[in-house]
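Take a look at the structure set out below.
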Amino acid sequence: MSLKVNFRYCDKYIGNDIAAMQQEISAAHALLRNGTGAGSDYLGWVDLPVNYDKEEFARIKKAADKIKSDSEVLVVLGIGGSYLGARAAIEFIKSNNYNLIKKDTPDIYYGGNTLSSSAVAELVSLIDGRDFSVNVISKSGTTTETAVAFRIFKKLCEDRYGKEEAAKRIYVTTDRQKGALKALADKEGYETFVVPDDVGGRYSVLTAVGLLPIAAAGIDIDKLMLGAADARERYMNADISSNECYKYAAVRNILYRAGKKIEIMTSYEPSVTMWNEWLKQLFGESEGKDGKGIYPSSVIFSTDLHSMGQYIQQGERDLFETVLWVENPSADYAVPFDETDGDGLNFLAGRSMHSINKNAHDGTVLAHFDGEVPNILITVDRQDEYSLGEMIYFFELACGISGYVLGVNPFNQPGVESYKKNMFALLGKPGYEAEAEKLKTRLD
């Protein structure tokens, strides 16, 4: 296993509480493993790394090969968990500059996650004159942001290639049997992949939701699933003294009860930025309900030490950090010697950038710990498929257990519907007329 967790820099905040948490963790473990807790209809992700649809998995790889052979660009349309997991994985393994680097795979652009007309226009311009395919991801097919974008890119694809050829370039990931998008896909003959009924969006990265774009980027999804499967096997035991995943869930709740209400997801690699965004959705949407929940935030160091460092060091003492460190970078550089030494940095000459980054990491951990900010340190060997599979399963499992310990349903998101109802009413959607009048009065 690549993933390791170090709780040394939050021990003084934990004390003897960790042993006292065993009963709560065991209860959460039973709810999750027996499927008797709230949201049990959405536990398909628990055994997904070993029980996934092998026939569909093969079709995903075949479709990805076709996209790589006939498209310069893949446009991925989806919002929230429908695109965050794929984007996080691609940038984690390939680069946060994926579309700029030399490669033999298509550029991947993301749409359907905003209602900004400027963003849509820019995306349209980016594919102008380039062969492209579209992967639209929506269980219902009626999510406003994604459905509007799909209308636009479906028309562009048909105008460019004609309906028959366009149908071969549009890939639909949606409900197995029902919904507007499924009906359209069946009518037009699009190849379809399944959003499983028992896997919620933010837990869906290891389904076709995430795997098709990930595979199209040239990433080995077999190794990704292997990492997740090994993590699943490793974290079966409810004993927090030997299960680092469960201990992480326990420590988060101990810190929360001690007044540490904000968790900062921290890394020292810019390519982890979107991974942090995926984590923010995973934990924020899972735990933020019933007036409870740790607020997830994120930073990339050392960059953000020059913007957020002051607050983290000396601001409100209501936060803790979960720090991801990559032991072996994909590349490294040595600092050159400069005869003038005008910047006074010749003491670093010959040192590798990664070793300097490690010293920045260690110095920051100690400074923040001294500043009353607990640090949980997570280390992976390298940014590869296996390590990412481990990480995905580790955090999904920790989130589910942590949510049950917190006393919420970690698998629903009722609060997300509130803005949608208001938006539909203001847009004039049929059936919302009475509510529209009330809202307009409030806005006047």
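Throughout, residue positions are numbered sequentially from 1 according to the sequence presented.
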- Task: Just jot down the side-chain contact (heavy atoms from CB on, under 4.5 Å) partners of Ser298, sequence neighbours excluded, or say none.
- Result: Met265, Asn276, Glu277, Lys280
- Message: If I take atom OG from residue Ser241 and atom CG from residue Asn237, how far apart are they, to the nearest 0.5 angstrom?
- Response: 7.5 Å
- Message: Checking the side chain of Asn243 only, and the main-chain atoms of Asp239 only, is there a donor and an acceptor separated by less than 3.5 Å?
- Response: no
- Would you say the side-chain atoms of Thr143 pair up with the backbone N or O of Thr146, donor to acceptor, closer than 3.5 Å? no
- Query: How would you list, by chain and number, every residue that makes a side-chain hydrogen bond (donor to acceptor under 3.5 Å, both in side chains) with Asp222, sequence neighbours excluded?
  - Reply: Lys61
- Heavy-atom count around Arg130 CZ within 6.0 Å, excluding the residue itself: above 12? yes
- What is the minimum heavy-atom distance between Ile67 and Ala216, and which atoms define it? CG2-CB, 4.3 Å
- Item | Contacts of Gln22 that satisfy side-chain hydrogen bond (donor to acceptor under 3.5 Å, both in side chains) - sequence neighbours left out | Ser26
- In short, Met353 meets Asp332 closest at the heavy-atom pair N-OD1, 3.3 Å
- Query: Taking Asn34 for the side chain and Ala30 for the main chain, is one N or O donor matched with an acceptor at less than 3.5 Å?
  - Reply: yes
- Message: Check Glu396 with Arg202, please: is the shortest side-chain N to carboxylate O separation under 4.0 Å?
- Response: no
- Query: Pick from Leu123, Val124, Leu77: which one makes a side-chain contact (heavy atoms from CB on, under 4.5 Å) with Ile152?
  - Reply: Val124
- Task: Working to the nearest 0.5 Å, report the span between CG of Asp131 and OH of Tyr161.
- Result: 3.5 Å
- Task: Might you point out which heavy atoms bring Gly141 and Leu181 nearest each other, and give the distance in Å?
- Result: CA-CB, 3.6 Å
- Note on the structure: The ring pair (Phe, Tyr, Trp, His ring centres under 6.0 Å) partner of Tyr235 among Phe395, Tyr246, Phe394 is Phe394
- Item | side-chain hydrogen bond (donor to acceptor under 3.5 Å, both in side chains) partners of residues 398-408, not counting sequence neighbours, each pair once | Arg252-Ser402, Asn253-Ser402, Glu287-Ser402
- Could you check whether the rings of Trp275 and Phe92 sit parallel, tilted or perpendicular, using 30° and 60° as the cut-offs? tilted
- According to the interplanar angle, ranging from 0 to 90°, do the rings of Trp45 and Phe411 count as parallel (below 30°), tilted (30 to 60°) or perpendicular (above 60°)? tilted
- Does a side-chain N-to-carboxylate-O contact under 4.0 Å join Asp175 and Lys178? yes
- Message: Taking side-chain hydrogen bond (donor to acceptor under 3.5 Å, both in side chains) as the criterion, tell me which of Ser330, Ser271, Ser95 meets it with Gln383.
- Response: Ser271
- Between Tyr190 and Phe150, what is the ring plane arrangement, given parallel below 30°, perpendicular above 60°, and tilted in between? perpendicular
- Task: Identify whether the distance between the nearest side-chain nitrogen and carboxylate oxygen of Arg160 and Glu165 falls below 4.0 Å.
- Result: no
- For atom CD of Glu164, decide whether the heavy atoms of other residues, nucleotides or ligands shown that lie under 6.0 angstrom number more than 12. no
- Taken to the nearest 0.5 Å, the spacing of Leu388 CG from Ile214 CD1 works out to 7.0 Å
- Task: Examine distances only and state if a side-chain atom of Thr266 and a backbone atom of Glu321 form a donor-acceptor pair shorter than 3.5 Å.
- Result: no
- Check the surroundings of atom OH in Tyr42: do more than 12 heavy atoms from other residues, nucleotides or ligands lie under 6.0 Å from it? no
- Task: State plainly whether the residues Arg169 and Glu188 are in salt-bridge range, i.e. N to O under 4.0 Å.
- Result: no
- For Val195, check side-chain contact (heavy atoms from CB on, under 4.5 Å) against everything at least two apart and list the hits. Lys139, Thr173, Val209
- Message: Before you tell me yes or no, could you show the steps for Thr364 and Phe301 under side-chain contact (heavy atoms from CB on, under 4.5 Å), namely the whole-Å CA-CA distance, both residues' side-chain angles and the distance that decides it to 0.1 Å?
- Response: CA-CA 9 Å; Thr364 303; Phe301 290 159; 4.0 Å; yes
- List for me each residue that meets side-chain hydrogen bond (donor to acceptor under 3.5 Å, both in side chains) alongside Tyr393, sequence neighbours excluded, and say none if there are none. none
- Above 12 or not: heavy atoms from other molecules or residues under 6.0 Å from NZ of Lys289? yes
- Message: Using a 3.5 Å distance criterion without hydrogens, assess whether the side chain of Thr207 forms a donor-acceptor pair with backbone atoms of Ser204.
- Response: yes
- Task: Output the distance between atom CD1 (Ile294) and atom CZ (Phe283), rounded to the nearest 0.5 Å.
- Result: 8.0 Å
- Rounded to the nearest 0.5 Å, what separation is found between the CE atom of Met308 and the CG atom of Asp304? 7.5 Å
- Lys168 and Asp70 ion-paired at < 4.0 Å: no
- Message: Pair Tyr268, Lys358 - check side-chain contact (heavy atoms from CB on, under 4.5 Å), show working.
- Response: CA-CA 9 Å; Tyr268 288 73; Lys358 182 63 165 67; over 6 Å; no
- Aromatic rings Tyr110 and Tyr83: how do their planes relate, parallel, tilted or perpendicular, breaks at 30° and 60°? tilted
- Measure from the side-chain N and O atoms of Ser286 to the backbone N and O of Leu282, and report whether any donor-acceptor pair falls under 3.5 Å. yes
- Pair Asp65 + Lys62, salt bridge at N-O below 4.0 Å: no
- OH/Tyr203 to CG/Leu48 distance, rounded to the nearest 0.5 angstrom? 13.5 Å
